[in-house]
Amino acid sequence: MDFRLNEEQRQVRDMVREFAQREVAPHIQEWDQKNEYHPEVLHKMGEEGILGIPIPERYGGGGFDYVSFALACEELEAVDTFLRVVLSVHVGLNSLTLHQWATEEQKEKWLKPQAEGTKLSTFGLTEPGAGSDAGNIQTRAVRDGDHYILNGEKAWISLANTADHMLIFATLDPEQKHRGLAAFVVERGMEGLTTGSFHGKLGVRAGDTGWIAFNNVRVPKENMIGEEGEGFKIAMSAIDQGRFTVAAGAVGLIRASLDASKQYCHEREAFGQEIGQFQLVKQMLAKMVAGLESSRLLVMQAAELKNTGERNTRETSLAKWIACDHAFNAANDAIQIHGAYGYSSEYPVERYMRNSRGAVIYEGTREIHQLLQGDYALGYRADRPLRCPQPPAQAWEKETASAD
Amino acid sequence: MKIVVLVKEVPDPNALRLDPRTGQLQPGTPTVANEYDLYGMEAAVALREAGHEAEIVVATLGSGRDPVNRCLAMGADRAVAIDDSSLTDGDSLATSKVLAAFLKDEGFDLLFLGQESSDSATGDIGPRLAAMLDLPVVSNLIGCDFDGSKLTLKREIEDGHQTLEVTPPAILCALSGLPDPRSPSLKGIMASRKKQTDVKTGSDIGVDAAPESIVSWGDLFIEEQESQGTIVESEDVDEAVDQFVAFLEEKRLI
Ligand SMILES: Cc1cc2nc3c(=O)[nH]c(=O)nc-3n(C[C@H](O)[C@H](O)[C@H](O)COP(=O)(O)OP(=O)(O)OC[C@H]3O[C@@H](n4cnc5c(N)ncnc54)[C@H](O)[C@@H]3O)c2cc1C
Ligand SMILES: Cc1cc2nc3c(=O)[nH]c(=O)nc-3n(C[C@H](O)[C@H](O)[C@H](O)COP(=O)(O)OP(=O)(O)OC[C@H]3O[C@@H](n4cnc5c(N)ncnc54)[C@H](O)[C@@H]3O)c2cc1C
């Protein structure tokens, strides 16, 4: 087991770190306070290749491994969560899912421009009436000749108002619950498709979160990913990738909370000494360090499994649950360490806390992950092989029989 | 034009861990490319980007590949690693002889190297190579322009700067006053995967026996710093001030 990064991984980390520091860090306090969304940053990410990091080169991506991908998420969220969210939906939930389930023609059409960063994409599963209970979604798809006709509404969708391509889940038969779902690529511009943004969010205020509505949207049958009834499996394997990015990003948020806290501990004095000298303050720092390193190790464990193409649903869920809990606690304690200043937007830590809160809800709530872990431990749950297993990272493709 | 850039793998100066018992660096100390060398690499890429056609070859003597890989991702066209355990433990004279043999074999119009390494820091590889190859050397380089036939070089000297004009071939020792080295772009990193690294041994470059070293190395140690205060003792204020001023003058502080 080698815990050191290789040169390529370090290079990716440094490149993404510098990008986020240069393009976003100087402005983020202001953007966040004013709820300002800057889509030009996403286009720059595309130009720099950040939107295709783990996608193989033959599909327009960078062909980097999952460790590099995790480091990119960490660096982005160390600056702001909205940046990492872009990798979560565009790369994790959408592009990597197409890489796993789509046909070659579909990959050529949608995956390639996404990996090249010329098209942006998102993932629409959640609805106003169904989140955790995803088998219960109500958006309907009805077959009509060479098309499916979609009706319904998606809510809480990141990049809803920005994405060109949307991976949308709909039910062919609500009676069949999760066995009745199918996945479709819906393109902006299709007739009957409307989108909008939500306002009044607690966090991720520099990001685009919104809704997508379908009013008799005619989707060609070639836009269905996988087969009829396979939608739920596709959604769950998408989430295996999305959760990974959320976990890796949470590591960055813990790091940012720790760094801000360390600095403040040395600067601020009370009762004649640096506040870092107080044992109760030290304890908060110690917990952040423990959270940072244990979360990062869990993320890297999942990354190694993903690199070789091994099933990692359990490990990814564990990383997501633990890292997001630690991130919220770290940001919350960072506010405590900053005292009243931490409660103001003069310092970044209140933004970290607001941003970290959402991740305890999306990509599987804290409760859902605990249920999963309990079920795995008790043997109530086991992963069955998929028709299209998760492909390994590019460098491992030749070694793995499942690669196409 | 052919530009060769030398890079040395050194222990990461930000992560040095010395084992006090052995007097050696602890095993597992991370390594990086010597910082000044990357400034040389950046200068080489910048020359090419300024429109001068150039092949950039990066070379190292040693077993580590990370420094050359970083330079390939920054834009070098190919790499040479002289990886021969019999040649890597020499002093700066022996190291220069190996590098000179390689450079004669490789040939170049411009050679960039660091002003000094951050580990052994003798700073004499550049001048030694210049003597061995009978070429001009410009040290302490902080600026570099090329008009297609001659270089206009800026160097740092004790009390200011000096500008020189040099016609290639020449040897240039880079300082951090040059423009900062870029981080490789993702496209650069991807391109570097396909670039070639030739691994050479001594016999490949005509060095059959390790050149003899004339300097030997003792242990590494961390110097203990003692701070001593000086107390001006006089109770008379004017006298104390005079004593204090005299002290400052003696120490050349005023
Ligand atoms: C900022 C943000 C961005 C998002 N982006 C996207 C996106 O891009 N695409 C997308 O599809 N969705 C997105 N979501 C939606 C997100 O995935 C859902 O909010 C999440 O799945 C939870 O669903 P819900 O909000 O309907 O909560 P519910 O499922 O209604 O849960 C409510 C509460 O009940 C608990 N609960 C539910 N079921 C159980 C159970 N079986 N056992 C114990 N407790 C249970 C939950 O843990 C929670 O505490 C986003 C959400 C946010 C906040
Ligand atoms: C295991 C070990 C044992 C050693 N034992 C001795 C010893 O007994 N006696 C002794 O005097 N020194 C010893 N050294 C130091 C070593 O000899 C010097 O590092 C080497 O001679 C280069 O000198 P420098 O780094 O001081 O060069 P400098 O002149 O400070 O370096 C200037 C530039 O030369 C280039 N350069 C230097 N070395 C290389 C390289 N290997 N590959 C590519 N470019 C390079 C770089 O661009 C560098 O910036 C030892 C080093 C090691 C690792």
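Note that this is a predicted model, so its numbers are computed, not measured. Note on naming: letters A, B, ... go to the chains in the order of the sequence lines (proteins, then strands), and numbering restarts at 1 for each one.
- What you find for A:Ile50 and B:Leu186 is that their closest heavy atoms are N-CD1, 3.7 Å.
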Taking atom types as modelled, which donor-acceptor pairs link chain A and chain B at under 3.5 angstrom?
residue: A:Glu7; atom: OE2; partner: B:Arg70; partner atom: NE; Å: 3.1
residue: A:Glu8; atom: OE1; partner: B:Arg193; partner atom: NE; Å: 3.2
residue: A:Glu8; atom: OE2; partner: B:Arg193; partner atom: NH2; Å: 3.1
residue: A:Arg10; atom: NH2; partner: B:Asp66; partner atom: OD2; Å: 2.7
residue: A:Asp14; atom: OD2; partner: B:Arg70; partner atom: NH2; Å: 3.0
residue: A:Glu18; atom: OE1; partner: B:Ser183; partner atom: OG; Å: 3.0
residue: A:Glu18; atom: OE2; partner: B:Ser183; partner atom: OG; Å: 2.6
residue: A:Glu47; atom: O; partner: B:Lys187; partner atom: NZ; Å: 2.7
residue: A:Glu57; atom: OE1; partner: B:Lys194; partner atom: NZ; Å: 3.2
residue: A:Glu57; atom: OE2; partner: B:Arg193; partner atom: NH1; Å: 2.9
residue: A:Gly62; atom: O; partner: B:Arg193; partner atom: NH1; Å: 2.8
residue: A:Gly62; atom: O; partner: B:Arg193; partner atom: NH2; Å: 2.9
residue: A:Gly63; atom: O; partner: B:Arg193; partner atom: NH2; Å: 3.4

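- With a 4.5 Å cut-off on non-hydrogen atoms, A:Phe64 touches chain B through its backbone and its side chain both.
- Residues from residues 77-91 of chain A never place a non-hydrogen atom less than 4.5 Å from a non-hydrogen atom of chain B.
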